[in-house]
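Structure first, then comments.
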Amino acid sequence: MNDILFTVGEMPFSVGAAGIGFAAAALLLLVVIAVIIARGLGTGSAAAMAQAARADELEYRLAEMMRAQHEASGRVAAMGQALAGRQAEMARAVSERLDSVTHRVGQSMEHTTRHTLNSLRVLHERLGIIDDAHHNLTELTAQVTTLRDVLSNKQSRGAFGQARMEAIVADGMPKGAYAFQYTLSSGKRPDCVVFLPDQRPLCIDAKFPLEAITALHDARSEEARRAASQRLRNDVLRHVTDIAEKYLIPGETQDTALMFVPSESVYAEIHERFDDVIQKAYRARIVLVSPSLLMLAIQLMQQILKDARMRDAADQIRTEVMNLGDDLSRLRDRVLKLQTHFGQVNEDVRQILISADKIERRAGRIEELDFSSHDAPPGATVAPASQPARPDLFAMPRRELQAGE
């Protein structure tokens with residue numbers, strides 16, 4: 001009954017308040033009817049009859065109104081109960097929905113938290129990798145800067161090329177077959193010499209025309225490229241001429257010298273775009289080599305030295321083989337003598353075994369003799385020795401009694 005039925009303005013009206021309102025209205029209507037009847041008592045009988053009819057009608061209507069009021073009260077009560085049930089169902093549904101939403105939100109938050117933690121862990125690992133990569137990049141930048149500083153200086157660049165050449169030669173050649181900064185009879189000192197079988201050194205000089213290559217790569221116009229190409233051509237030919245004049249000494253050095261270019265890209269650039277320079281270098285008996293070609297040449301020279309050592313040792317090997325044949329012949333003679341000795345030993349052993357068999361047979365005959373035959377009468381016959389009596393294995397041995405027993 002306390003459920004709110006409707007609201008007028010800011011004042012709520014419940015079911016009980018609505019019933020009380022209806023009852024008050026009915027009482028007020030009855031009072032008005034009684035007042036009207038009281039005023040009409042002074043009129044005539046017709047009016048009284050009419051008034052009585054009206055009173056009956058009003059009473060009937062009042063009864064109808066009371067019945068309608070009771071029905072409205074019942075309906076309002078039923079509506080209140082229905083509204084209360086609906087409100088309870090709605091509250092239960094809202095509570096269940098809130099529980100479901102809360103559970104889903106909890107699961108979503110847990111999944112989101114787990115996913116966030118995994119993402120943070122992966123992010124931390126990637127940050128560590130990025131940190132390491134940044135550290136490596138910093139070190140690489142420092143190394144590149146150092147290499148650029150080295151290559152920008154001619155003396156440092158020459159030392160760099162010579163270091164690469166020395167590493168290749170030292171890895172491929174045996175000790176004593178090469179020398180660095182070897183002094184020739186002219187007083188010139190090539191970067192490296194390799195002593196071939198005729199003991200004439202093969203000279204190797206390291207050159208690196210970096211400025212001309214850099215200018216050629218940085219050229220943007222056709223005129224700049226032509227100027228850089230001519231500069232590179234002049235630099236390489238000048239190096240070729242210097243090597244030919246300094247390190248090709250007839251009768252002392254080899255007829256060919258090597259110009260080591262310590263960069264595969266620079267060598268490829270020269271060999272691809274400056275074929276005339278390569279041909280002029282060949283005619284001057286100067287061969288341009290890259291690190292890979294120098295390694296191949298070193299391996300070839302190592303094989304040449306090995307073949308020369310084998311040829312030098314061929315006579316010694318032949319002598320040793322002949323001596324080995326003599327030793328083998330003596331070994332065969334000694335084995336034959338040993339075989340003869342073994343034959344004699346076998347014959348002696350056979351004779352010894354024959355003697356041993358004879359001794360064993362004689363011992364057997366001696367063991368078969370019967371020493372009691374001296375007591376027999378003179379006419380007794382002694383069994384021949386060739387037919388010994390077979391001893392009885394189950395007979396007890398006979399023994400003669402001696403005096404005093």
Side-chain angles (χ1 to χ4, degrees), residues 1-138 140-141:
M1 298 298 289
N2 294 325
D3 297 332
I4 298 173
L5 183 61
F6 59 90
T7 303
V8 177
E10 295 181 355
M11 182 177 295
F13 287 92
S14 61
V15 177
I20 294 172
F22 278 112
L27 291 175
L28 181 61
L29 184 59
L30 289 175
V31 171
V32 172
I33 292 171
V35 171
I36 292 172
I37 292 172
R39 288 181 180 180
L41 291 177
T43 64
S45 58
M49 293 294 292
Q51 197 71 12
R54 289 179 180 177
D56 292 336
E57 185 178 358
L58 286 177
E59 185 177 358
Y60 174 75
R61 289 183 178 179
L62 183 60
E64 289 292 331
M65 289 180 64
M66 292 297 292
R67 184 175 59 79
Q69 181 182 0
H70 285 297
E71 290 180 358
S73 297
R75 291 178 181 179
V76 169
M79 188 179 297
Q81 292 179 359
L83 289 175
R86 294 287 182 86
Q87 185 178 5
E89 291 179 358
M90 185 179 295
R92 185 174 63 256
V94 169
S95 178
E96 292 177 355
R97 185 65 58 86
L98 285 176
D99 292 339
S100 176
V101 170
T102 303
H103 181 67
R104 291 180 181 178
V105 169
Q107 288 182 347
S108 177
M109 290 183 64
E110 183 180 359
H111 177 71
T112 304
T113 303
R114 185 168 57 253
H115 181 69
T116 304
L117 291 177
N118 293 331
S119 300
L120 289 175
R121 180 178 55 79
V122 174
L123 180 61
H124 182 70
E125 293 177 356
R126 291 184 178 179
L127 287 176
I129 295 173
I130 292 174
D131 191 12
D132 294 337
H134 178 69
H135 181 68
N136 295 332
L137 184 61
T138 303
L140 182 61
T141 304

Query - Any donor-acceptor N or O pair under 3.5 Å, side chains His103, Gln107 - result: yes
Query raised in the report: Under the salt bridge (Lys or Arg N to Asp or Glu O under 4.0 Å) criterion, do Arg67 and Glu64 qualify, and how do the steps go?
Result: CA-CA 5 Å; Arg67 184 175 59 79; Glu64 289 292 331; 2.3 Å; yes
Taking atom [atom1] of [X] and atom [atom2] of [Y], what is their separation to the nearest 0.5 Å?
X      : Y      : atom1 : atom2 : value
Arg114 : Asn118 : CZ    : CG    : 7.5 Å
Leu123 : Ile130 : CG    : CD1   : 8.0 Å
Arg104 : His111 : CZ    : NE2   : 15.5 Å
Thr102 : Met109 : OG1   : CE    : 11.0 Å
Asn136 : Asp132 : CG    : CG    : 6.5 Å
Arg126 : Arg121 : CZ    : CZ    : 10.5 Å

Report task. Report yes or no: does Ser100 contribute a side-chain atom to a donor-acceptor pair with the main-chain N or O of Glu96 at less than 3.5 Å? Result -> no
Query - Heavy-atom side-chain contact between Leu117 and Thr113 under 4.5 Å - result: yes
Query raised in the report: Listed by chain and number, what are the side chain to side chain contact (heavy atoms under 4.5 Å, CB included) partners of Ser108, not counting sequence neighbours?
Result: Thr112
